[in-house]
Amino acid sequence: MTGKEMLTQVLLSLQDYLAIVDDDFEEKVIIDEDLNAAITQLRTHALTPIFDDFVKYLSFLIVEDRDHFLSDPYPNTGTIHIIDFTLPKLHKKNRAFSYSDTHFSFFSVKSLIDSGNLVDFSNLQQANLWKQMQSFFERDFNPKQNFIRTFFDCLSGNDVDKGFVVKYIGEIFEAERHYSYIYLSFLNNSNSVKLPSVLNYSSTTLNSSLTFVSLIQYEQYFDIYDVLNELNQAPELLTRFLKLYHVLEYFMYRVYLVDLVDRVGRNKFFVREFIGSSERMKAGEKETFIKNFFKIFLTDMGTIEAAIAGVINNAEITFLEDNGLVRSFDITNIKKIAELIYGICLLYTS
């Protein structure tokens, strides 16, 4: 079978999956063997956006015919397996990547669908993703298996909890063990998982109203400026949040030290008091963070509340509670906001 024959089967399978009756389409595919004309005809049927994009990207690949895949035959070796990431042993291991070596070929639907939209797998930057999709399609037309319907189900339902594997080795497939090897091999070859585009961050000014104040000793905060530098280098939201949390954490402890000096001064009890307080702070880290967050940001509560009000709703509040991040979240309660920040950081770093 050649790539052209493979795509013919893909298009006919999609027509069957969508229950489209169109003699002109079938004639263009089967008799004329004009795949692009067939795709144009198929797109007249008002496909859902994700299927319209799917055949559009196939059309781009047909025009480009990268590596002459349309005419070159391929070895039909290997068996197809589906990984279900909703299973208890796998539900926290779903990663958005594609990869192949001499043992396996793999792509996750999570690497193909980003924030509900189909990734342009015809783009040269997604060449590896298309390579693994091609390996899957080339081996999928066993009438007893018909895995392509599962693939189409994933597209139709925006189901990113599946992964598709082509196994080239002889041993019995074990989803968790073999997938773990595939991921290790992917990382071992200096690859990394791309985060969803929704987590990309466009850098903005930290404080648009920053002005010089002659009474402030700016030098005393210099060690935290390097953390701000790392924050500005963070290309995505998760790392940026963690760096910003480190800044907050710095000021949490600074509030404590200032208070300690005011209460104890520089007398002989300072060291004893410092050690005792440090041990109490470590044991009650969450409580210390919330208490000092309240002290630092109480006067900024209006600004904080306005920023959160536009992005929080009842469903998200329920999610926060169900996941143990914060109970009875209230944007007017600064301690609940501090509890949320601490909870997210704990979840992210655990």
Q: Treat each ILVMFWY residue as a node, draw an edge where side-chain heavy atoms are under 4.5 Å apart, and state whether Leu58 and Met6 are in one component.
A: yes
Q) With a cut-off of 6.0 Å (strictly less than), are more than 12 heavy atoms of other residues, nucleotides or ligands near CG of Asn314? A) no
Q | Spacing of CD1 belonging to Ile80 relative to OG1 belonging to Thr150, to within rounding of 0.5 Å | A | 10.0 Å
Q) Does Phe294 have Lys335 sitting over its ring (NZ/CZ under 6.0 Å from centre, angle to axis within 45°)? A) yes
Q: Drop me the distance from Leu11's CG to Asp16's CG, to the nearest 0.5 angstrom.
A: 12.5 Å
Q: Can you see which heavy atom on Arg139 is nearest to which on Val166, and at what distance?
A: CD-CG1, 3.5 Å
Q) If you look at every heavy atom in Met1 and Glu5, which pair is closest and at what distance? A) CA-OE1, 3.0 Å
Q) Would Asp52 and Arg43 pass as an ion pair if we require N to O under 4.0 Å? A) yes
Q: Using atom types as modelled and distance alone, determine if a side-chain donor or acceptor of His91 lies under 3.5 Å from a backbone N or O of Pro88.
A: yes
Q) Does the ring centre of Phe222 sit less than 6.0 Å away from the ring centre of Tyr225? A) yes
Q) Would you say the side chain of Asp67 lies within less than 4.5 Å of the side chain of Asp72, judging by non-hydrogen atoms? A) no
Q.
For Tyr181 together with His103, are the ring centres under 6.0 Å from each other?
A. yes
(Q) Testing Phe137, Phe147, Phe107, Phe104 one by one against Phe164 for a ring pair (Phe, Tyr, Trp, His ring centres under 6.0 Å), which residue passes? (A) Phe107
**Q.** CA sep, side-chain torsions, deciding dist, call: Phe85, Tyr179, ring pair (Phe, Tyr, Trp, His ring centres under 6.0 Å)
**A.** CA-CA 11 Å; Phe85 288 106; Tyr179 170 70; 5.0 Å; yes
(Q) Do Leu47 and Val55 have side chains that approach each other closer than 4.5 Å (heavy atoms only, starting at C-beta)? (A) yes
**Q.** Single-linkage hydrophobic cluster Trp130~Val63, side-chain heavy atoms < 4.5 angstrom
**A.** no
Q: Quick one: sort the Tyr99 and Phe186 rings into parallel, tilted or perpendicular, breaks at 30° and 60°.
A: perpendicular
Q: Output yes when Glu339 and Lys286 qualify as a salt bridge under the 4.0 Å nitrogen-oxygen rule, no when they do not.
A: yes
Q) When clusters are formed by joining ILVMFWY residues with side-chain heavy atoms under 4.5 Å apart, either directly or through shared neighbours, do Leu7 and Leu112 land in the same one? A) yes
Q. In terms of hydrophobic clustering (I, L, V, M, F, W, Y; side-chain heavy atoms under 4.5 Å; direct or indirect links), are Ile30 and Ile148 co-clustered?
A. yes
Q: Would you check, one step at a time, whether the test ring pair (Phe, Tyr, Trp, His ring centres under 6.0 Å) holds for Tyr218 with Phe212?
A: CA-CA 9 Å; Tyr218 293 97; Phe212 179 76; 5.6 Å; yes
Q | Donor-acceptor contact below 3.5 Å, side chain Glu236 vs main chain Leu238 | A | yes
(Q) So that I can tick it off, tell me whether Lys93 and Glu176 are bridged by a salt bridge, with the cut-off set at under 4.0 angstrom between side-chain N and carboxylate O. (A) yes
Q.
Check for me whether the distance between the ring centres of Phe136 and Phe106 falls short of 6.0 Å.
A. no
Q) Hey, are Ser180 and His178 close enough side-chain-wise for a donor-acceptor pair under 3.5 Å? A) no
(Q) Please give me the minimum heavy-atom distance between Arg95 and Ser108, naming the atom from each residue. (A) O-OG, 2.8 Å
Q: Please work out which of the three classes, parallel, tilted or perpendicular, describes the rings of Phe121 and Tyr57, given edges at 30° and 60°.
A: perpendicular
